[in-house]
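Everything numeric in this text was worked out from a predicted model, so none of it was measured.
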Amino acid sequence: MDYQNELSGKITLVTGGTKGAGRAIAERLLQAGATVIITARNAPENENSNMHFIPSDLSKAEGTQKVISEVLSTYEGWTFL
């Protein structure tokens, strides 16, 4: 089965998306055609210009608000998955 465009036109947010399982999930979503936003406290070691990185500590309310604000302002009018 070909999943290359199954998520075309969708936006995904992967928390902890800079390494490990989160990174693998983000890469798979990208392959499926999604616009991928990743967030973590630290920048990825190997940046991928096809993913939008938002540095944030989601254990704090202000970190969560930062992600919400940036996603809504950057992707206004998009459909979120």
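- Listed by first and then second residue, the ring-ring contact (aromatic ring centres under 6.0 Å, His included) pairs that reach into residues 15-68 are His52-Tyr75, sequence neighbours excluded.
- Closest approach of Ala26 and Gly17 over heavy atoms only: CB-O, 4.4 Å.
- Residue pairs satisfying the ring-ring contact (aromatic ring centres under 6.0 Å, His included) criterion with at least one member in residues 17-49, sequence neighbours excluded, are absent.
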Distance-only criterion, 3.5 Å: show the donor-acceptor pairs between side-chain atoms of residues 33-49 and protein atoms not counting sequence neighbours.
{"residue": "Thr39", "atom": "OG1", "partner": "Ile54", "partner atom": "O", "Å": "2.8"}
{"residue": "Asn48", "atom": "OD1", "partner": "Asn50", "partner atom": "N", "Å": "2.8"}
{"residue": "Asn48", "atom": "OD1", "partner": "Asn50", "partner atom": "ND2", "Å": "3.4"}

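- Distance CD1/Ile11 to CG/Leu29: 12.5 Å, rounded to 0.5 Å.
- Counting only residues at least two apart or in different chains, ring-ring contact (aromatic ring centres under 6.0 Å, His included) contacts with residues 11-45 are absent.
- Judged as a ring-ring contact (aromatic ring centres under 6.0 Å, His included), not a single pair has a partner in residues 28-47 (not counting sequence neighbours).
- Residue pairs meeting the salt bridge (charged side-chain N to carboxylate O under 4.0 Å, His left out) criterion with at least one partner in residues 15-25, sequence neighbours excluded, are Arg23-Glu27.
- Every residue was checked against the side chain to side chain donor-acceptor pair (under 3.5 Å) condition with Thr74, not counting sequence neighbours, and none meets it.
- For residues 53-62, the set of pairs meeting the side chain to side chain donor-acceptor pair (under 3.5 Å) definition, not counting sequence neighbours, comprises Asp57-Ser59.
- Here NZ of Lys10 is found 13.0 Å from CG of Asn5. Values are rounded to the nearest 0.5 Å.
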